[in-house]
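Shown next, in structure tokens, is the structure this report addresses.
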Amino acid sequence: MEYEFYNPHNSKSSVMSIATRIPPEIFINICQYLPPLDLMSLARVCKQFHGYLCSTNSFTTKEIWKNSRITFLPFVQMPPPEGMTELQYVKFISERGCQFCGKARIRKIYWAFLVRCCKKCLEDRTIRLDHIRYHLFSQNSVPDDIDIVSGLTFITGSAGSGSEKSIKHRPSNLYWIQDVHKAYNEFNELNIEDRQEWIIQKREEGRHKMEEVIKRELENEHEYWSKTMENSKKRNDRVITIDNLIRRETNEYGFPRFKMSVVNKCLTYNKAMGSTSTSPFTKRAWIGFRNKLIPEYLQMATLLRLQRQEIERNLAIDVAIQTRQMDIIKLIFELLRPEIDQIQTRQRQNSNQSMEDIDMERNLSSSSESNSDSDDSNFNSIRRIKCNEIFESSLIKFLPWCPSFRNPPFMNQDPRILWDDEFLMNVLIPQLREEAKYLKDHPAPIDTVRGAFLHGGLRNKRIFKCKLCHHHDNNNLNPPKLYSFYEIRLHLTKSSHKVRMINDDLMIEVVPSSINVTCNAQIFPRNKPDLFFAAGFNCNLICNLLS
């Protein structure tokens, strides 16, 4: 900060800077806590700071840059190469761009030559080992080319494109042309009796130089992979943040606005998922992203709906009915997903984790939620309340027996016509909720299929028989064959009956005399579709019907 004082006796202004009056001792202490980039910026403030930080003979200046490098550049712990100061070393590592042509965003460092350059400039300034004699020296030169470069550092590469199989495009050692000229001139200036000793000495020096080059390359490669992993984690966190924000976005009913099956087809979403940006996804970025996603999502949802409507136009009636029932189940489970996820998480925590792990996860989750959005603390509770106003998870088992589920109100009496979200949320789902609550509060007699399954707890008892079979003769000499609820449903669909739409009341009968007989089922559901089928849903028959 500068202050100007006007002197009436002198027309010139006196400019005084508070920063330039800082004692050198305090300035040095301040610099000990600054990273290299800040030190380089500070050196450009004024001549005095430039003198403090860019002095080539000051031991204090050297220590400032050395401590800053060791502290803030953990992957650059080796000292500067010979002939390079700490300041030059830090600039060489921190800056970007080709040192020769000025091409931006070049960070590749060739430690064998101590240059940072692009591939084109490297090819122009290096030469292959097998080209040295033919391009630089006379073929009648006394020294062998391997003796000339015995003390020089090199890299392994190819001067050609590498796509051809000729000898000139095969990998070879590349040397810096200026170093080769210098070594050749130095060799020619020696006496003949001193040249062999010079070659031996240079070979030993070259070995030590290449060992140092390898160490620096390993250090640089470690930094590269560490930064690559760090950037990969940042991109992954960015993707997770976007995905969570999309899933938490709600509509006017308080439920998810977006269906991920539709979002996955949107160009805006796919661009965000494939972005290479490592910057955090802020709330401001989310607002712009959402404004682009919503119209594209609505357009894609309309297109997919028309495509699905066209595909289902020729479905059989029984397949169309079960397809609409599947739509109901998917929507209800989508509405109940937060509640179900919490139940599953609680069960998993109780079975697999200790109390300390639970507290740790709770603290981590609460901190991450508070950082992502200030309203997230009330989001789950508000959504759970709204969800309970529509449908509760405890009512799902009553859903197969609800009249509006067995015979849904189709549009224009045609089950092939899709329902819209407004009809489902405002009419059908609330109606199913009321019917399920009624079935829950008014148990059916235990000698009925619904009563035995829902309230009698007899689903796995072999008390059900098939009304479509005649297992006993007119004299009742042979007793009827009994099944569990899951077994008799399998019998109806897979036996000679081949039922496509199971009606429990018309096809299944409860044998009251066998209720007290403890005969358990022999066949049990093993996967999720079988579990739904064993619970009374017919929707898993769709796959078989379509095939």
Side-chain angles (χ1 to χ4, degrees), residues 232-277 280-283 285-312 323-345 348 365 368-369 372-373 375-376 379-384 386-387 390-391 393 396 418-425 428-429 527-529 532 537 539-540 542-543:
S232 177
K233 183 179 181 303
K234 290 180 179 179
R235 285 191 290 267
N236 187 51
D237 293 341
R238 178 183 173 92
V239 167
I240 294 175
T241 301
I242 296 174
D243 196 69
N244 290 337
L245 289 172
I246 292 175
R247 294 179 185 274
R248 287 201 297 262
E249 183 72 9
T250 58
N251 56 17
E252 62 271 20
Y253 306 110
F255 296 107
R257 177 192 296 271
F258 303 106
K259 295 180 180 179
M260 295 308 299
S261 59
V262 180
V263 172
N264 290 332
K265 300 181 182 298
C266 295
L267 181 61
T268 301
Y269 174 78
N270 291 321
K271 282 186 176 180
M273 294 296 102
S275 174
T276 59
S277 175
F281 196 76
T282 61
K283 191 172 183 179
W286 161 246
I287 294 174
F289 174 82
R290 181 180 56 187
N291 293 337
K292 292 181 180 179
L293 181 62
I294 289 178
E296 186 178 350
Y297 173 85
L298 295 176
Q299 183 179 0
M300 181 61 65
T302 303
L303 177 61
L304 295 176
R305 179 182 176 87
L306 293 176
Q307 292 177 352
R308 182 183 177 191
Q309 184 72 71
E310 187 65 25
I311 293 174
E312 298 182 0
T323 305
R324 298 288 78 76
Q325 291 176 339
M326 179 63 77
D327 292 342
I328 295 174
I329 294 175
K330 287 182 177 179
L331 178 60
I332 289 178
F333 272 88
E334 185 67 27
L335 301 180
L336 296 175
R337 186 174 298 278
E339 182 180 350
I340 295 174
D341 289 345
Q342 287 184 358
I343 294 174
Q344 293 177 349
T345 302
R348 185 166 55 252
S365 62
S368 62
E369 290 177 358
S372 61
D373 197 331
D375 298 333
D376 285 350
F379 176 81
N380 289 330
S381 59
I382 295 175
R383 183 172 175 181
R384 194 181 306 113
K386 292 183 178 181
C387 178
I390 302 297
F391 211 91
S393 58
I396 291 179
L418 301 177
W419 292 308
D420 55 26
D421 293 339
E422 184 176 358
F423 174 78
L424 286 171
M425 294 299 302
L428 187 54
I429 299 299
N527 50 46
K528 187 173 292 185
F532 272 84
F537 294 98
C539 301
N540 70 313
I542 293 176
C543 297

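Note that the structure is a prediction, hence the values are computed from the model and not measured.
Contacts of Lys233 classified as side-chain hydrogen bond (donor to acceptor under 3.5 Å, both in side chains), with partners at least two apart in sequence or in another chain: Asp237. Every residue two or more places apart in sequence or in another chain was checked for a side-chain hydrogen bond (donor to acceptor under 3.5 Å, both in side chains) with Gln307, and none qualifies. Every residue two or more places apart in sequence or in another chain that forms a side-chain hydrogen bond (donor to acceptor under 3.5 Å, both in side chains) with Ser277 is listed here: Ser279. Residues passing the side-chain contact (heavy atoms from CB on, under 4.5 Å) test with Ile311: none are found, sequence neighbours excluded. Arg238 meets the salt bridge (charged side-chain N to carboxylate O under 4.0 Å, His left out) test with no other residue; sequence neighbours excluded. Residues satisfying the side-chain hydrogen bond (donor to acceptor under 3.5 Å, both in side chains) criterion with Asp243, sequence neighbours excluded, are Arg247, Tyr269. Glu312 is linked by a side-chain contact (heavy atoms from CB on, under 4.5 Å) to Arg308, Leu315, Thr323, Arg324, Leu418, counting only residues two or more places apart in sequence or in another chain. Remark: Lys259 pairs with no residue by the salt bridge (charged side-chain N to carboxylate O under 4.0 Å, His left out) rule, at least two apart or across chains. The side-chain contact (heavy atoms from CB on, under 4.5 Å) check on Asn236 picks up Ile240, with sequence neighbours excluded.
To the nearest 0.5 Å, the span separating CD1 on Ile329 from CD1 on Ile396 amounts to 9.0 Å. From Glu249, atom CD reaches atom OH of Tyr297 across 11.0 Å, with rounding to the nearest 0.5 Å. With rounding to the nearest 0.5 Å, the separation of NZ in Lys271 from OG1 in Thr268 is 7.0 Å.
Looking at every heavy atom in both residues, Met300 comes nearest to Cys266 through CB-SG, 4.2 Å. For the residue pair Phe258 and Ile246, the shortest heavy atom distance occurs at CD1-O, 3.6 Å. Here the closest heavy-atom approach between residue Thr250 and residue Arg257 is recorded as O-NH2, 3.4 Å. Between Ile242 and Ala272 the shortest heavy-atom distance is CD1-CB, 3.9 Å.
For residues 291-306, there are no salt bridge (Lys or Arg N to Asp or Glu O under 4.0 Å) pairs, not counting sequence neighbours.
No more than 12 heavy atoms of other residues, nucleotides or ligands sit less than 6.0 Å from atom CD of Gln299.
Contact annotation: the side chain of Leu245 never approaches that of Phe289 to less than 4.5 Å [non-hydrogen atoms, C-beta and beyond].
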Point to revise | side-chain contact (heavy atoms from CB on, under 4.5 Å) evaluation trace for Met273 with Asn264 | key: CA-CA 10 Å; Met273 294 296 102; Asn264 290 332; over 6 Å; no

Practice item. Check the pair Phe537 / Phe333 against ring pair (Phe, Tyr, Trp, His ring centres under 6.0 Å), numbers first and verdict last. Key: CA-CA 14 Å; Phe537 294 98; Phe333 272 88; 7.9 Å; no

